[in-house]
K.L.:
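This is the structure I have questions about; it appears just below.
FYI, side chains are in, hydrogens and waters are out, and symmetry mates aren't considered; it's all heavy atoms of this structure.
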Amino acid sequence: MPLSVVLDGPAPWGFRLTGGKDFNQPLTVSRITPGSKAAAANLCAGDVIVAIEGVPTTNMLHCEAQNRIKESARRLSLTVERNESSLWSPRVVEDGKNHPYKVNLEAEKQEYKPIGAAHNRKAQPFVAAANIDDTHQVVSSTYNTPIGLYSSGNIQDAMQGQIRGLALPKADSPRTLASIEDSDVYQMLQRDQEEPQEPRQSGSFRALQDFIDSDGTRPIVTRTVKAPATRATPPTGNLQKLPVCDKCGNGIVGTVVKARDKYRHPGCFVCSDCDVNLKQRGYFFVGGQLYCEAHARVRMRPPEGHDLVSTFPSA
């Protein structure tokens, strides 16, 4: 049933509006500010606004509804539809209006309707049972079990399948034993105890016993066992193929520096006089030795009283 709500101005009115034709939802009050003019006029959240100042809001957009509310400066008249269901509210009502700040937490009294005396006053455990035969019954405490829908044949098959995994079936004996003396195992043990057996001896003791029994005429046959000889491990083929450093005489593993027909370690590739590494410096052979440029010039300097003359081969 539509209700008429009148708010005395001026703005702000103290409520929030949602919905509209552009949202495919009716214009609805979503929030009421406590202590505002909307709360004083008993406007409630959830009220559907049917008309604003007498204008229906069926085809009204959200922005149009906002503009029409803003145009009402002194007085705002709204027609709303309110749900008539009774809801418990903790608000305190004074003079027919909800107080904006006081809260009442007292529960509303409800009408007591007894449901009768035949109902279950105490919770009982749920038990379901199914009959296997006239004298045996299977009881299950599982809630909502369908055991009552099974037939007696199906229950017996299920029980046999469960018991089969717990106990192995006994093998049928070919014959019935009247006493323990008829057992094959017992007879075998008795036979082993009654028949004498020669004592077991090692080969060395057996050869010594034969020598004693023959009064020394039969030689003792023994086998000579040699201790395993330890052989020196021959050098591997890879070590024999390693190049040998011309300076230190050791094999070169890894990076090799080759100067003419001689091999050296990168650390041994130095001048014979000053031990300067000749990498990226240039090297000179004088008398089969490596030298830097400065010491090579000293080694090649002519003796005193002689001049160095450059000669060119004839064409």
Side-chain angles (χ1 to χ4, degrees), residues 16 18 22-23 31 161-162 164-169 171 185 188-189 192-193 195-315:
R16 182 175 296 178
T18 59
D22 45 349
F23 293 98
R31 183 177 180 275
Q162 295 177 0
R164 190 181 301 114
L166 299 178
L168 298 177
V185 178
M188 182 184 65
L189 295 176
D192 293 341
Q193 293 179 1
E195 296 180 358
Q197 296 181 357
E198 297 181 358
R200 297 181 180 180
Q201 292 181 346
S202 62
S204 58
F205 280 96
R206 189 180 299 110
L208 181 59
Q209 185 67 38
D210 294 342
F211 177 76
I212 295 173
D213 294 341
S214 62
D215 296 332
T217 58
R218 186 176 179 179
I220 299 177
V221 181
T222 58
R223 186 178 60 179
T224 304
V225 180
K226 295 182 180 180
T230 303
R231 297 181 180 179
T233 304
T236 58
N238 294 334
L239 295 178
Q240 295 178 357
K241 297 180 181 180
L242 292 176
V244 180
C245 181
D246 179 60
K247 183 176 181 180
C248 63
N250 298 325
I252 304 175
V253 180
T255 306
V256 180
V257 179
K258 182 179 180 182
R260 291 187 183 178
D261 57 346
K262 298 182 179 181
Y263 301 93
R264 290 198 177 189
H265 292 97
C268 296
F269 187 58
V270 295
C271 177
S272 300
D273 285 349
C274 60
D275 291 335
V276 174
N277 198 296
L278 301 178
K279 182 180 179 181
Q280 303 296 337
R281 289 177 176 270
Y283 59 91
F284 300 87
F285 275 97
V286 179
Q289 299 295 328
L290 279 173
Y291 295 96
C292 61
E293 183 179 0
H295 290 92
R297 289 181 180 275
V298 173
R299 295 284 179 179
M300 296 301 295
R301 182 178 300 171
E304 296 181 1
H306 296 79
D307 296 331
L308 182 63
V309 179
S310 299
T311 60
F312 299 95
S314 58

K.L.:
Please round to the nearest 0.5 Å and tell me the distance separating atom SG of Cys271 and atom CD of Glu293.
P.N.:
11.5 Å
K.L.:
Please find the pair of heavy atoms, one from Gly249 and one from Val244, that lie closest to each other, and give the distance.
P.N.:
O-CG1, 3.4 Å
K.L.:
Check whether any side-chain heavy atom of His295 sits under 4.5 Å from a side-chain heavy atom of Val276, and report yes or no.
P.N.:
no
K.L.:
At what distance, to the nearest 0.5 angstrom, does CG of Asn250 lie from SG of Cys245?
P.N.:
7.5 Å
K.L.:
Of the non-hydrogen atoms in Val253 and Leu242, which two are nearest, and what is the gap between them?
P.N.:
CG2-CD1, 3.7 Å
K.L.:
From Leu290 CG over to Phe285 CZ, what is the distance, rounded to the nearest 0.5 angstrom?
P.N.:
4.0 Å
K.L.:
Distance-only check: which donor-acceptor pairs under 3.5 Å involve side-chain atoms of residues 256-265, not counting sequence neighbours?
P.N.:
unit_1	atom_1	unit_2	atom_2	d
Lys262	NZ	Gly288	O	3.0
Arg264	NH1	Cys268	O	3.0
His265	NE2	Gly251	O	3.3

K.L.:
What's the separation between atom SG in Cys292 and atom OH in Tyr283, rounded to the nearest 0.5 Å?
P.N.:
14.5 Å
K.L.:
Backbone N or O of Tyr291 within a donor-acceptor pair of the Ser272 side chain at under 3.5 Å?
P.N.:
no
